[in-house]
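Only one structure is covered here, and it is reproduced in the block below.
Each ligand, and each atom within it, is numbered from 1 in the order the structure gives.
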Amino acid sequence: MGMRLYDTVRGEVVPFEPGPTVSVYVCGITPYDATHLGHAFTYLTFDLAIRRLEDLGHEVRMVRNVTDVDDSILPKARELGIDFLELAAREMDLFHADLTALDLRPAWSEPTATGSIDAMISLISRLEANGHTYEVDGTTFFDVATWTKFGSLTGYDEAQMTTYAAERGGNPDDPRQRNPLDFVLWQPSATDEPSWESPFGPGRPGWHIECSAMAIAALGETIDLHGGGNDLTFPHHECEAAQSEAATGKTFARHWMHVGMVAYEGTKMSKSLGNLVFVRNLRRMHDPRAIRLSLMAHHYRTGFEWFDYEIEDAIRRLDRLVKAAQFQKGPNPAPTLATVRAALDNDLDTATARDAIDLLASEIIAGTGDDTTAASGLANAAGLLGIRLDVSLPES
Ligand SMILES: [Zn+2]
């Protein structure tokens with residue numbers, strides 16, 4: 001039995017059986033504001049999948065892009081009166097510090113949108129050559145009428161797609177579009193926005209083409225695993241898949257994984273409500289390992305509400321783990337390691353994995369058993385979940 005993961009397209013948990021090298025593309029952030037708990041939950045999910053894949057002997061190449069030019073960073077830079085690249089660099093430093101603190105594995109490659117403009121232009125040129133584009137007033141659109149599979153990733157009907165397009169960065173009311181679901185590939189820049197020369201006129205890329213171009217440039221035309229937060233399913237990933245496959249004629253992603261949203265004490269977390277829980281603030285107050293443990297109480301596909309008191313249970317769990325790791329003996333840890341691996345293979349059942357290491361820690365502390373590998377086994381099992389217990393690990 002290998003890993004089994006839920007695939008958004010097939011709508012069920014299916015075997016995930018990549019080759020020795022696994023290509024993973026996770027949509028990164030637009031660096032214009034601090035990392036919040038929703039970002040942490042998404043990147044933790046991929047981190048756990050990658051750790052287990054490596055445990056199974058795979059080499060994982062995870063690409064996480066930086067959307068350093070799009071419709072949200074430019075207005076923010078304008079508002080702050082600074083260059084958008086300066087804003088991006090500042091926020092990326094903070095983002096990396098948050099990810100490192102949470103012990104999230106670094107990306108194999110982290111391309112920036114501004115560093116990948118040539119790849120975007122060449123992808124749009126392929127789409128143009130294949131007859132999937134049209135141009136109005138200097139803006140080049142993707143013509144969804146030329147792609148019958150449009151909508152197949154999410155399975156949404158046209159009304160649902162139109163609603164989500166309006167809510168999530170699309171512009172279904174743009175009268176220049178032949179179809180409300182058509183989307184921008186290339187557009188003229190405003191006078192104070194960055195602009196690049198292209199065969200479609202001077203301007204800047206649309207949001208979706210950025211990820212397609214960066215993914216293909218770094219990982220090739222077919223990726224093993226692609227995902228992000230589940231608010232990206234439509235329009236972002238649907239559009240990415242459509243334009244990538246329309247350009248290359250190949251399957252873009254073999255498996256799509258999406259992570260639920262995190263709310264805060266009964267309310268949707270949002271910038272406008274001012275109730276974002278920032279990782280930076282949380283980790284100033286608490287051991288980042290407790291933050292990981294706390295998030296792992298929730299299954300990745302299910303959205304959940306964060307309550308501040310949740311961290312207290314995770315702190316107690318972490319204390320037990322750290323304490324147990326100092327003991328000289330305890331129960332045979334092999335069954336715990338097996339349980340953790342089986343739980344991760346079962347569509348990343350983190351709650352079961354977390355409970356398994358907690359149980360072993362409690363038994364060690366209670367004086368059960370006289371196996372001298374108990375503490376190192378516990379550390380190995382916790383390590384599968386990215387929790388370091390500061391003991392020297394024997395070769396396994
Ligand atoms: Zn993306």
Side-chain angles (χ1 to χ4, degrees), residues 7-9 23-33 35-36 38-43 45-47 49-50 61-74 88 91-92 95 99 104 107-117 119-121 123-124 127 142 150 153-154 156 161 164-165 167-171 181 183-187 204-248 251-261 300:
D7 174 44
T8 306
V9 174
S23 53
V24 180
Y25 187 91
V26 188
C27 284
I29 59 160
T30 300
Y32 69 113
D33 211 343
T35 322
H36 59 67
H39 296 129
F41 190 50
T42 295
Y43 298 125
T45 298
F46 283 91
D47 184 70
I50 290 166
R61 295 181 176 174
M62 186 267 281
V63 174
R64 189 184 54 229
N65 66 292
V66 182
T67 309
D68 60 355
V69 57
D70 78 351
D71 289 335
S72 44
I73 192 169
L74 295 174
E91 292 299 333
M92 281 313 290
F95 177 68
L99 264 51
L104 295 166
W108 175 72
S109 168
E110 201 169 34
T112 60
T114 53
S116 313
I117 300 291
M120 297 168 201
I121 290 172
L123 196 59
I124 299 169
L127 287 169
F142 183 88
F150 196 77
L153 190 154
T154 49
Y156 292 155
M161 288 196 278
Y164 283 126
E167 285 172 7
R168 298 172 180 170
N171 202 0
L181 297 173
F183 54 92
V184 171
L185 296 168
W186 190 263
Q187 62 202 332
R204 61 185 178 89
W207 170 31
H208 315 304
I209 198 74
E210 295 187 354
C211 276
S212 289
M214 288 186 273
I216 291 170
L219 296 169
E221 293 180 347
T222 299
I223 304 160
D224 290 313
L225 180 64
H226 189 343
N230 70 9
D231 56 340
L232 296 180
T233 49
F234 195 90
H236 188 49
H237 287 160
E238 192 75 62
C239 295
E240 258 189 60
Q243 68 201 357
S244 301
E245 297 183 359
T248 68
T251 298
F252 178 50
R254 293 191 177 97
H255 193 114
W256 288 90
M257 185 161 108
H258 290 102
V259 181
M261 296 288 104
Y300 78 90

Review point. What pairs with Tyr156 under ring pair (Phe, Tyr, Trp, His ring centres under 6.0 Å), at least two apart in sequence or on another chain?
Key: Tyr164
**Study point:** Phe150 versus Ala242, closest heavy-atom pair with distance
**Key:** CD1-CB, 3.7 Å
Point to revise | Pair His226-Glu240, side chain to side chain donor-acceptor pair (under 3.5 Å): steps then yes or no | key: CA-CA 11 Å; His226 189 343; Glu240 258 189 60; 2.6 Å; yes
Exercise for review: Would you list the protein N, O or S atoms within less than 2.8 Å of the Zn ion (ligand 1), leaving out water?
Suggested key: Cys27 SG, Cys211 SG, His236 NE2
Practice item. Given side chain to side chain donor-acceptor pair (under 3.5 Å), test His258 with Thr233 step by step and report yes or no. Key: CA-CA 8 Å; His258 290 102; Thr233 49; 5.6 Å; no
Exercise for review: Sequence neighbours left out, what passes side-chain contact (heavy atoms from CB on, under 4.5 Å) with Asp224? Give chain and number order.
Suggested key: Phe16, Pro18, Val22, Ser23, Arg254
Practice item. Among residues two or more places apart or on two chains, list those pairs meeting salt bridge (charged side-chain N to carboxylate O under 4.0 Å, His left out) that have a residue in residues 206-216. Key: none
